[in-house]
A.B. asks: 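Starting off with a structure, shown below.
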Amino acid sequence: MGSSGSHAEDRPPATPQTPQPLGLAGILPPKTEEKGDGKGATEKVDWLNLPCPVPFEEIQREALMSLKPELFEGLRFDFTKALNQRFALSHSVFMGSMEVPSQTSDVIKVPSAHYEFGANFLDPKLMLVGRVLTDGRLNARVKCDLTDNLTLKINAQLTNEPHFSQGMFNFDYKGKDYRTQFQIGNNAFYGANYIQSVSPHLSLGSEIFWLGHQRKSGIGFAARYNTDKMVATAQVASTGVLALSYVQKVSEKVSLASDFMYNHMTRDVTSSFGYDYILRQCRLRGKLDSNGVVAAFLEERLNMGVNMILSAEIDHAKKDYKFGFGMTVGE
Amino acid sequence: MAPKASLKGKGKAGKGSKGRKEQSTANCVKEWSTWAMKKAKVIVHFGFIPLVIVIGMNSEPKPSLYQLLSPV
């Protein structure tokens, strides 16, 4: 009897801190990590070993990725050239109409064309992304891992016109089952947020911010409940905004998402419903809005590294029809 | 009485000038920080992309200058 070596129970390995997956894998709801047999009816929850929650600003990540693709009007061409594994240059051309936000309900479109040059350096510990346009605007993003748990992120949009530049510094600290972030921005903007896992599926978070120049402050709360198949989030802010979202992963290739937003100040209610098909050669996202806006976005893989993009948005009420096409070469 | 009043007067004048000095140091700090932010903004605006390119060209495996400039 081989009882000399007692057969230790086959325990699943301790849940490692998996880095955020890139690409399409990132849009699927994260798998819940629980100790114990996976298929058992009642799984014992280890309350001291809860998984790390998603960052506060990514609480609605799945819903945003499915419902808010980058719709555009006109021609878009992106070329990314990788010089080595970590360093890449990108050239991007856009010719079409850009929408200018207007106070009235009219839609104001300004035809514009620009060329954007960018350089990316992606290292596990340091990420530098810079984009500069022909009119001199610079978009810079820096992400630096100062230690294992502390990350510094800098986001800046610099323009040639004075007083139009914006910058934001974020310090993120990742704990065992919580994350906190502190933000400093220009115009004396200070913000902080905190999110904590309270159960293997549920995480709660809150944020506060203070605008120095306008002496405005606000507080908000958020909750996120996710399982393998669905993600439900709710966010309330003292600025009078309530946002709910729900994403259901119907199968490996199909997800359905819906979203509800209520703005108390402007009495604006918007709800949208969308689908996201991730197929072998293409990714098709479509959505229907309560304002009667129908939109669709298709990315089709023609060849290795060559993608064709089609974008459409139809708003019959405002008579706004936006159709765009483009190509993306490189990763 | 009179010396006391004059002392009080001098005290107030002294405090006033000290207050103005503190105000001007605060103004100085604000001016210098504004000047520094303006210079920093110009430096970042012109230097960020060259910085990324320099860091990228020095990473392993080192790409060549031809690869940087050619459109293929």
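Labels below follow one simple rule: chain letters A, B, ... track the order of the sequence lines, proteins then strands, and each chain is numbered from 1.
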A.B. asks: Please flag which part of A/V142 lies under 4.5 Å from any non-hydrogen atom of chain B: side chain, backbone, both or neither.
C.D. replies: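 Only the side chain of A/V142 comes within 4.5 Å of chain B.
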A.B. asks: Working to the nearest 0.5 angstrom, can you tell me the gap between A/M95 CE and A/F77 CZ?
C.D. replies: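 Going from CE on A/M95 over to CZ on A/F77, the span is 10.0 Å.
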A.B. asks: So what's closer than 4.5 Å to chain B heavy atoms on A/L83: side chain, backbone, both or neither?
C.D. replies: both
A.B. asks: Taking side chain as everything from C-beta outward and backbone as N, CA, C, O, which of these in B/M37 sits under 4.5 Å from a heavy atom of chain A? Side chain, backbone, both or neither.
C.D. replies: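 The answer is neither part of B/M37.
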A.B. asks: Taking the side chain as every heavy atom from C-beta outward, state whether A/F297 and A/I309 have any atom pair closer than 4.5 Å.
C.D. replies: yes
A.B. asks: Check whether A/F117 gets within reach of chain B through its side chain, its backbone, both or neither, counting any heavy atom under 4.5 Å.
C.D. replies: both
A.B. asks: Flag the one option from B/I55, B/L51, B/I49 with the top tally of heavy-atom pairs under 4.5 Å to chain A.
C.D. replies: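 Answer, by heavy-atom pair count under 4.5 Å with chain A: B/I49.
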A.B. asks: Looking at every non-hydrogen atom in both residues, tell me the closest pair between A/A82 and A/A88 and how far apart they are.
C.D. replies: CA-CB, 3.9 Å
A.B. asks: Minimum heavy-atom separation for A/G326 to A/F72, with atom names?
C.D. replies: N-CZ, 4.3 Å
A.B. asks: Distance from B/L69 atom CG to A/L89 atom CG, nearest 0.5 Å?
C.D. replies: 9.0 Å
A.B. asks: Shortest non-hydrogen contact from B/G56 to A/F121?
C.D. replies: CA-CD1, 3.9 Å
A.B. asks: May I ask you to name which of A/G118, A/A156, A/G167, A/A119 has the most heavy-atom pairs under 4.5 Å with chain B?
C.D. replies: A/A119
A.B. asks: If you check both backbone and side chains, which donor-acceptor pairs between chain B and chain A fall under 3.5 Å?
C.D. replies:
{"residue": "B/K41", "atom": "NZ", "partner": "A/T159", "partner atom": "O", "Å": "2.8"}
{"residue": "B/H45", "atom": "NE2", "partner": "A/G136", "partner atom": "O", "Å": "2.6"}
{"residue": "B/S59", "atom": "OG", "partner": "A/N84", "partner atom": "ND2", "Å": "3.2"}
{"residue": "B/E60", "atom": "O", "partner": "A/R86", "partner atom": "NH2", "Å": "3.3"}
{"residue": "B/P61", "atom": "O", "partner": "A/N84", "partner atom": "ND2", "Å": "2.9"}
{"residue": "B/Q67", "atom": "O", "partner": "A/K81", "partner atom": "NZ", "Å": "2.5"}
{"residue": "B/S70", "atom": "O", "partner": "A/K81", "partner atom": "NZ", "Å": "2.6"}
{"residue": "B/V72", "atom": "O", "partner": "A/K81", "partner atom": "NZ", "Å": "3.4"}

A.B. asks: Looking at CD1 of A/I184 and CZ of A/F189, how far apart are the two atoms once the value is rounded to the nearest 0.5 Å?
C.D. replies: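 These two atoms lie 10.5 Å from each other.
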A.B. asks: Within the 4.5 Å heavy-atom criterion, are B/F48 and A/L138 side-chain neighbours or not?
C.D. replies: yes
A.B. asks: For the CZ atom on A/F169, are there more than 12 heavy atoms of other groups (residues, nucleotides or ligands in this structure) within a distance under 6.0 Å?
C.D. replies: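 Open: at most 12 neighbouring heavy atoms sit under 6.0 Å from CZ of A/F169.
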A.B. asks: Side chain, backbone, both or neither: which part of B/V42 has a heavy atom under 4.5 Å from chain A?
C.D. replies: neither
